[in-house]
Amino acid sequence: MTGIRSVSGKLARRSVQVSILAMVVFVAMTLIARLPLWPLIDNRAFDYLSTLSPPPLPKDGPIIVAIDEPSLAEIKAQWPWPRSLHAKLIESLRAAGAKAIGLDIIFSEPSTQAEDTALAAALGPDVVLAGDETLVTSPQADQFVQVMPLQIFTDRGAMPGIASVGLGRDGVLRNVPPYDDGFAATIATTAGIAVQMPEEGSLIQTFGGARTYQTVSYYQALDPQQFLPQDFFKDRIVIIGLSLQNAPSIAGGGADAYATSYTVHTGRLTAGAEIQATILDNLRLEMSIRPADGLVRQVVLVVTVLLGAALVWRKTGWITFLGVAAAVLVLFAASFAALRLDNLFASPIAPSLAFVLVAGVQTAFDYAQERRSRRQITRAFSQYLAPALVEQLAKDPARLKLGGEKRVLSILFCDVRGFTTIAEQLKDDPQQLTGLINRLLTPLSDIVLSHGGTIDKYIGDCLMAFWNAPIDDPDHAVHAVSAALAMLESMQGLNEELEAEAAAEGRPHYPLKIGIGINTGECVVGNMGSTQRLDYSALGDAVNLAARLEGTSKNYGISLLLGEGTASAIGSDFGVFELDRITVKGRTQQSPVFTATRASSANLAQAHAEFLRARYAGDVTAQRQLAPSLQQGNPDLSAYYGQAFIDN
């Protein structure tokens with residue numbers, strides 16, 4: 001129940017953390033989206049999405065008659081050209097069957113009377129002349145100034161149309177001009193096409209870059225029979241305007257040329273006449289794009305934040321990065337689909353950023369918490385475990401339960417034999433005594449760690465260790481016994497070193513011997529101690545028995561004594577020999593005790609079994625008969641077998 005409450009508490013705390021994060025991100029994105037620079041980001045998103053696989057150029061759209069470099073070369077006249085030349089062009093286009101003609105040229109100032117009269121004579125209700133409307137700002141007031149064609153031209157039936165366009169703060173033309181009497185709208189009306197002006201702020205759907213529309217040079221339109229196919233202009237709308245054949249670049253600028261959404265791909269400007277043609281097609285085919293209103297944007301933002309919170313509600317990991325990538329792709333795909341299917345633009349930038357922030361910030365929190373947990377684990381266990389095991393715990397803290405838990409452990413106690421005598425002899429040299437113990441415990445500890453054990457504590461000259469916690473070790477008994485045998489084997493080399501050092505320094509040598517007890521059984525393991533200091537330790541009857549076994553081993557003249565649980569767990573990995581059945585202090589029932597060696601044989605095991613039966617039966621004669629051959633065959637137990645000549 002404690003574990004369930006702990007998990008529930010962690011989930012509750014995480015839920016509160018993620019909820020607060022989601023609310024903070026939502027409020028932050030709402031405020032950020034109101035900053036003056038944010039629309040520029042949304043506009044750039046529109047540029048890319050609206051020009052990603054743009055719609056095909058509409059059929060029967062306007063034809064552009066370009067005042068371009070070839071025309072300037074052919075006509076050989078200084079610009080502005082005589083108005084009688086424009087009159088000739090109008091008559092030529094009308095004769096070729098054009099149903100509406102738009103001149104994207106402002107005739108607001110009089111020329112010579114003859115030229116003005118010639119142009120006026122060619123005009124009619126099928127012609128639209130460009131006008132201009134400009135906002136003049138001054139400290140005193142803002143004033144709209146209109147520049148319209150001369151009355152002599154409008155009196156002949158020609159319709160004026162405002163050709164002004166509004167650029168965004170970044171100098172890009174994106175919005176449909178908000179004029180009911182706009183140039184493109186007036187051309188459509190003149191051609192007999194009823195158009196309804198879109199809502200203010202609607203965006204232009206472009207069909208390509210510069211020279212996307214069918215374009216001919218001015219001089220060709222003057223004589224279409226010679227230069228153009230038959231019926232080229234028949235029943236078509238024609239827009240006349242400046243259109244340089246080599247579309248000017250942004251850096252170079254150009255007369256009556258503007259950056260559009262498509263400029264992000266080409267870096268080129270589009271001529272005003274072609275822009276008017278694009279606006280005209282947007283109006284007549286109702287292809288202009290309406291931006292999503294504030295309510296829709298907020299709803300999308302809320303849903304996105306909630307989805308981001310749901311992704312990291314329980315945990316974060318590699319799946320989080322996939323989820324973020326998928327969410328951003330879906331948001332951009334949905335925005336593109338809305339553009340194409342419903343002519344609606346809902347910018348994916350704010351929702352995508354909100355999703356990334358929720359997932360990213362929570363992932364950063366989790367990463368920081370994991371790093372903190374790793375540092376805590378490293379500090380807590382670096383003295384108990386081998387570095388490789390500490391690294392495993394740090395990488396996967398879920399494998400560690402710092403609270404108390406029940407586990408089957410193999411517990412090892414190792415003590416120095418005759419330490420009291422050694423301490424008495426070195427009572428006047430505490431530094432040598434301390435150094436001696438450190439020289440002993442260091443290699444013993446290294447062996448424990450190298451065999452995957454956890455060092456519980458040092459009690460003077462005694463070392464306690466256990467296996468199968470905090471890292472799971474299914475072969476914990478085997479590893480504990482293997483470590484014990486390695487510890488016993490290391491004593492010969494250590495004593496040789498100490499004896500050589502003592503001889504070199506002219507002082508007596510005190511040989512070191514150790515006794516080891518190992519038991520396997522269920523224990524409680526975890527952080528234990530006071531509120532001021534905790535140690536990772538194990539408690540339980542199995543621990544007590546291991547300590548008793550270590551103390552009892554000296555009674556049998558051997559260095560390693562095993563409990564029944566350990567002996568049954570190590571199987572055939574070692575030579576296992578039962579020694580006796582004893583009642584240890586604090587227990588009422590007899591327990592069999594064992595020892596282990598590196599190797600054994602069937603004959604030796606059989607002879608030992610016969611010796612043990614004689615021992616249990618009290619048959620001293622049989623024990624003494626068997627002892628010599630057993631001492632020769634199993635010298636590690638020589639002292640144990642020799643007890644047959646001493647007992648009784």
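For the pair F26/Q298, a side-chain contact is recorded, criterion being any heavy-atom separation below 4.5 Å from C-beta on. Side-chain contact between V25 and F355 is absent, with no heavy atoms from C-beta onward closer than 4.5 Å. E550 places none of its side-chain heavy atoms less than 4.5 Å from the side chain of L412. Side-chain atoms of S537 and V543, non-hydrogen and from C-beta on, never get closer than 4.5 Å to each other. Between M29 and L357, the closest side-chain pair of non-hydrogen atoms falls below 4.5 Å. Under the 4.5 Å side-chain criterion, counting only non-hydrogen atoms from C-beta, I32 is in contact with W38. Looking at W467 and D475, their side chains never come closer than 4.5 Å, going by heavy atoms from C-beta outward. For the pair L339 and L52, the minimum side-chain heavy-atom distance is 4.5 Å or more.
We find the CG-OG distance between L353 and S347 to be 10.5 Å, quoted to the nearest 0.5 Å. With rounding to the nearest 0.5 Å, the separation of CG in L322 from CD1 in I319 is 5.0 Å. Put simply, OH on Y458 and OG on S445 are 2.5 Å apart, with the number rounded to the nearest 0.5 Å. For the atom pair CG of L449 and CD1 of I455, the computed distance is 4.0 Å after rounding to the nearest 0.5 Å. Rounded to the nearest 0.5 angstrom, I459 CD1 and D415 CG are separated by 9.0 Å. To the nearest 0.5 Å, atom CD of residue E610 and atom CG of residue L612 are 11.0 Å apart.
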* Could you walk me through whether V302 and V299 pass side-chain contact (heavy atoms from CB on, under 4.5 Å), step by step? => CA-CA 5 Å; V302 168; V299 169; 5.8 Å; no

* Which is it for D472 and R407 under the side-chain contact (heavy atoms from CB on, under 4.5 Å) test, yes or no, and what are the steps along the way? -> CA-CA 10 Å; D472 291 335; R407 281 204 184 200; 2.8 Å; yes

* Please walk me through it: do L498 and H509 pass side-chain contact (heavy atoms from CB on, under 4.5 Å)? -> CA-CA 7 Å; L498 294 174; H509 167 59; 3.6 Å; yes

* I would like to know whether L630 and L604 meet side-chain contact (heavy atoms from CB on, under 4.5 Å); could you show each step before the answer? => CA-CA 7 Å; L630 286 170; L604 185 60; 3.8 Å; yes

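By the neighbour-count criterion of 12 heavy atoms within 6.0 Å, atom NZ of K457 is densely surrounded, having more than that number from other residues, nucleotides or ligands. Within a 6.0 Å sphere centred on CD of Q606, other residues, nucleotides and ligands contribute 12 heavy atoms or fewer. Heavy atoms of other residues, nucleotides or ligands lying less than 6.0 angstrom from OH of Y616 number more than 12.
Not a single donor-acceptor pair under 3.5 Å links the side chain of S335 to the backbone N or O of F332. N495 places a side-chain N or O within donor-acceptor distance of the main-chain N or O of L512, the cut-off being under 3.5 Å. For the pair D456 (side chain) and F466 (backbone), a donor-acceptor distance under 3.5 Å is absent. Side-chain atoms of S482 never come within 3.5 Å of backbone atoms of H479 as a donor-acceptor pair (strictly under, hydrogens ignored). Checking side-chain atoms of T363 against main-chain N and O of T316 turns up no donor-acceptor pair under 3.5 Å. For the pair N468 (side chain) and V408 (backbone), a donor-acceptor distance under 3.5 Å is present. Here the side chain of T304 pairs a donor or acceptor atom with the backbone of V300 at under 3.5 angstrom. Judged by distance alone, with hydrogens and angles left aside, the side-chain atoms of S19 form a donor-acceptor pair with the main-chain N or O of S15 at under 3.5 Å.
When all heavy atoms of A480 and I518 are compared, the pair lying nearest together is O-CD1, 3.6 Å. Closest non-hydrogen pair, V576 versus A567, comes out as CG1-CB, 3.9 Å. The shortest heavy-atom contact between A359 and V324 is CB-CG2, 3.4 Å. Residues I437 and D461 come closest through the heavy atom pair CD1-CB, 4.0 Å. Here the closest heavy-atom approach between residue V358 and residue A22 is recorded as CG2-CA, 4.3 Å. Scanning all heavy atoms of the two residues, the minimum distance from P351 to L331 falls at C-CD1, 3.8 Å.
Donor-acceptor pairing under 3.5 Å is lacking for the side chains of Q623 and D619.
A centroid separation of 6.0 Å or more is found between the aromatic rings of F577 and Y641.
Looking at I514, T442, L440 one by one, the single match for side chain to side chain contact (heavy atoms under 4.5 Å, CB included) with L494 turns out to be L440. Each of F46, F336, Y48 was compared with F345 under the ring pair (Phe, Tyr, Trp, His ring centres under 6.0 Å) criterion, and only F46 meets it.
Each side chain to side chain donor-acceptor pair (under 3.5 Å) pair with one or both residues in residues 555-566, not counting sequence neighbours, appears once here: T520-T566, Y556-D580. Contacts classified as salt bridge (Lys or Arg N to Asp or Glu O under 4.0 Å) and involving residues 435-446 (residues at least two apart or in different chains) are given here: R439-E497, R439-E501.
Taking the six-membered ring where tryptophan is involved, the planes of Y640 and H608 are tilted, since the angle between them lies from 30° to 60°.
Taking the charged nitrogens against the carboxylate oxygens, D366 and R14 do have a contact shorter than 4.0 Å, which makes a salt bridge.
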